[in-house]
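The first residue in the sequence is number 1, and the count goes up from there. Since the structure is predicted, the reported quantities are computational estimates derived from the model, not experimental observations. All values below were derived from every heavy atom in this structure, side-chain atoms included, with hydrogens, water molecules and symmetry-related copies excluded.
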Amino acid sequence: MRDYRDDTGEVRSRPLIDDDGHAVTNPEAEAARDDLIEQLCALPPIAAVLDGVLTYFGHDAVAEVTGRTKRLVPAANGTQKLETRSGRSTQADAAAFMAGTKRILVFSDAGGTGRSYHASLDALNQEQRVHLLLEPGWRADRAIQGLGRTHRTHQACSPLFRPVTTDCKGELRFTSTIARRLDSLGALTRGQRQTGGQNLFDPADNLESEYAKAALISWYHLLKSGKLKSTSLQDFTHRTGLELTDQDGVMKEELPPIQRWLNRLLALPIGLQNVIFDEFLALVETRVAAARDAGTLDVGVETMLVETATVLDDRILRTDTVSGATSHLLTIEVARRRHPVSLDRALRLADADDTAVFVKNAKSGKVALKTPARAGMTEDGMPVLRIELMRPTRREYLAADDLYETAWEECARETFAKAWAEEEEQARNHVDTETIRLATGLLLPIWSALPSTHLAVSRIVDAEGRSWLGRIVFPGDLHQLFGKLGLSEETSLTPSEIARAVENGNVIPLKRPFACEIKRARVNGLPRIEIVGAPAGQLAWLKSLGCFTEVIAYKTRVFVPVPEATVILQRVLGDR
């Protein structure tokens, strides 16, 4: 090729020709091309996924329910023969799987229409289905249809869904699209996104979410400042053709959208793709984790399974003047039993992971399984190594540097197993009882009055199958909710709820025994609970109940000791 300038002055290239008009070629490049073709043609053919499964497990063990009419099967003499299949062949294979004769089933879109493969109570094969989602394609509705073939009513057990991907991070481009479309379709058809996604994907898996878009902007700026280890600005723009800066070297205001960025990454070498995606996913997960901790992560509908649920109070918040539909605030007392991770599962995970370490807290005596977690990344591009502590009832994430400041230390396997079994048994026998306030009914007209700090929609389901759907309202947000709706605050909080709400930073107004506010305060760097607006004539009475006073800036202030806050507030409020 040779370079030239067109009429506009742009440098372009065109094939180089000799004086006779023949194209000038590179003999070395042609020889390299011929060698490459020779090597490729000498490689053994790669079997399709369906044929690979049939060859590995055998045609007698795999039920194939697809739309193809012919296939190659191995003969007794080691050769292959062409087998013709009809509609009866697929029916026989499906019946063999449901009867348990063939324990593996492979079906496609053509084989999934109008059929059921769930662990039906009427079938001989009632084993739990492990549904591997392979090659989902771009049609989210078809993916949902395929998932529904193994998960239906009147079944012995629900299936396990397993999306199958390779270690090529560029493939996340396609799984992210499926996650987004499943979520969107579920929100439109069922009113909740988790129904569409079947809980297969985490919010961090959607690479086209608001968190991912914000993370990409940070990634662009880190690339411009040279703080990324994966690539440089010049190399990235040369490989992808994406222009991030103007002629003066200043970052553009309109940067390439995330869809274009993801598509261009597919043209990069796999090793470079993986490194770039690791940096990008670290930024995404950092934002998702921060939103989850702040309670602002929109995860659709969260199902809360409880043992018992008793409605203590039902107050109407609003009645629609046209339809007559009502909005309610339910006070529900729920009892939940914990479901800890079993010791056998913890030991299996430890044996399967060479990096897993048994640790024990020297102060509390609790144990955990320590494993490396995906590294986070700060806004300055500095990687933050993290570890995961798996405990019987929860998982904790800590920065690797912060671990040395804690009381966690390595322990023997026998010590770990004994302490884990004790905590597991204690958790299984313990039932937590709490009072939950749920805004339910017609929520759209009062959505702006509900708190904006916790956006999750929750469904409470008890052991009898009864369910309540709505937004959870915390005690500290009741005063604001009633104020925005213009209602009198008749619902009273228990002393423990008041103490917990104040510790979380909420201000609780009270009307008795006198008009005052209870809020969190900090004096000399120490947290306190303060009663604001206490009359001077009530100081002696409050002090007799356990409160104490202090003159600060020529003003007498009344405080409640934090350790005994619940007990003292119960004395102050009387029998409530």
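Side chains of C547 and I568 form a contact here, defined as non-hydrogen atoms less than 4.5 Å apart. Two residues are said to be in side-chain contact when any heavy atoms from C-beta on lie closer than 4.5 Å; L369 and L389 fail this criterion. Inter-residue side-chain proximity for I518 and L569 is flagged as met; some heavy-atom pair is nearer than 4.5 Å. Side-chain contact between F280 and L228: absent, with no pair of heavy atoms (C-beta onward) separated by less than 4.5 Å. T433 has its side chain out of reach of V334: every pair of non-hydrogen atoms, C-beta onward, lies at least 4.5 Å apart. Within the 4.5 Å cutoff, no side-chain heavy atoms of C516 are placed close to those of V532. With a 4.5 Å cut-off on side-chain heavy atoms, L438 and V473 do not count as touching. A 4.5 Å side-chain heavy-atom check between T245 and K224 finds at least one atom pair inside the cut-off.
Take T355 and apply the side-chain contact (heavy atoms from CB on, under 4.5 Å) test, not counting sequence neighbours, and it matches D353, P372. Taking L485 as the reference, L317, I446, A449, L481, L487 meet the side-chain contact (heavy atoms from CB on, under 4.5 Å) condition, with sequence neighbours excluded. Not a single ring pair (Phe, Tyr, Trp, His ring centres under 6.0 Å) links F514 to another residue, sequence neighbours left out. In this structure, the salt bridge (charged side-chain N to carboxylate O under 4.0 Å, His left out) partners of R413, at least two apart in sequence or on a different chain, are D351. Residues that satisfy the salt bridge (charged side-chain N to carboxylate O under 4.0 Å, His left out) test with E388, not counting sequence neighbours, are R395. By the side-chain contact (heavy atoms from CB on, under 4.5 Å) test, K418 pairs with E422, sequence neighbours left out. Taking the side-chain contact (heavy atoms from CB on, under 4.5 Å) definition, one finds that A346 meets it with M390, F416, W420, sequence neighbours left out. In this structure D432 satisfies the salt bridge (charged side-chain N to carboxylate O under 4.0 Å, His left out) test together with R338, sequence neighbours excluded. Taking the side chain to side chain donor-acceptor pair (under 3.5 Å) definition, one finds that R386 meets it with nothing, sequence neighbours left out.
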Compile the donor-acceptor pairs under 3.5 Å between side chains in residues 249-257 and protein atoms, sequence neighbours left out, one pair per line.
from	atom 1	to	atom 2	distance (Å)
K252	NZ	E243	OE1	3.3

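Taking a cutoff of 4.0 Å between a charged side-chain nitrogen and a carboxylate oxygen, R336 and E307 do not qualify as a salt bridge.
Counting only residues at least two apart or in different chains, side-chain hydrogen bond (donor to acceptor under 3.5 Å, both in side chains) contacts with residues 514-532 comprise R528-E550, E530-R557. Contacts classified as side-chain hydrogen bond (donor to acceptor under 3.5 Å, both in side chains) and involving residues 532-547 (residues at least two apart or in different chains) are not found.
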### Query
After noting the C-alpha distance and the side-chain angles of R437 and D313, does the key distance pass the side chain to side chain contact (heavy atoms under 4.5 Å, CB included) rule?
CA-CA 9 Å; R437 288 170 177 82; D313 183 58; over 6 Å; no

### Query
Can you check side chain to side chain contact (heavy atoms under 4.5 Å, CB included) on W219 and L283, steps first, answer last?
CA-CA 8 Å; W219 189 89; L283 294 172; 3.9 Å; yes

#### Entry: side chain to side chain contact (heavy atoms under 4.5 Å, CB included) between W261 and I276, worked out
CA-CA 11 Å; W261 181 79; I276 292 178; 3.8 Å; yes

### Query
R471 and T440: side chain to side chain donor-acceptor pair (under 3.5 Å), yes or no, with the steps?
CA-CA 7 Å; R471 287 270 305 273; T440 184; over 6 Å; no

### Query
Going through the checks in order, is the side chain to side chain contact (heavy atoms under 4.5 Å, CB included) test met by V461 and V306?
CA-CA 6 Å; V461 182; V306 299; over 6 Å; no

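Heavy atoms from other residues, nucleotides or ligands lying under 6.0 Å from CD of Q426 number 12 at most. Crowding of E410 atom CD: a count of heavy atoms from other residues, nucleotides or ligands under 6.0 Å not exceeding 12.
The closest donor-acceptor contact from the side chain of T286 to the backbone of A282 lies under 3.5 Å.
Residue K213 holds its NZ atom at 15.0 Å from OG of S218, rounded to the nearest 0.5 Å. Here Y397 contributes atom OH and I387 contributes atom CD1; the two are 11.5 Å apart, rounded to the nearest 0.5 Å. The distance from atom CZ of R459 to atom OG of S467, rounded to the nearest 0.5 Å, is 6.0 Å. In this structure, the separation between OG1 on T406 and CG on N361 is 7.0 Å, given to the nearest 0.5 Å. Distance CG/L222 to CG/L233: 12.0 Å, rounded to 0.5 Å.
Here the shortest heavy-atom pairing between A212 and V284 reads CA-CG2, 3.9 Å. In this structure, R466 and A309 approach most closely via the heavy-atom pair NH2-O, 2.9 Å.
A donor atom on one side chain and an acceptor atom on the other are not found under 3.5 Å apart for T331 and R315. In this structure, a donor-acceptor pair under 3.5 Å is absent between the side chains of E333 and T435.
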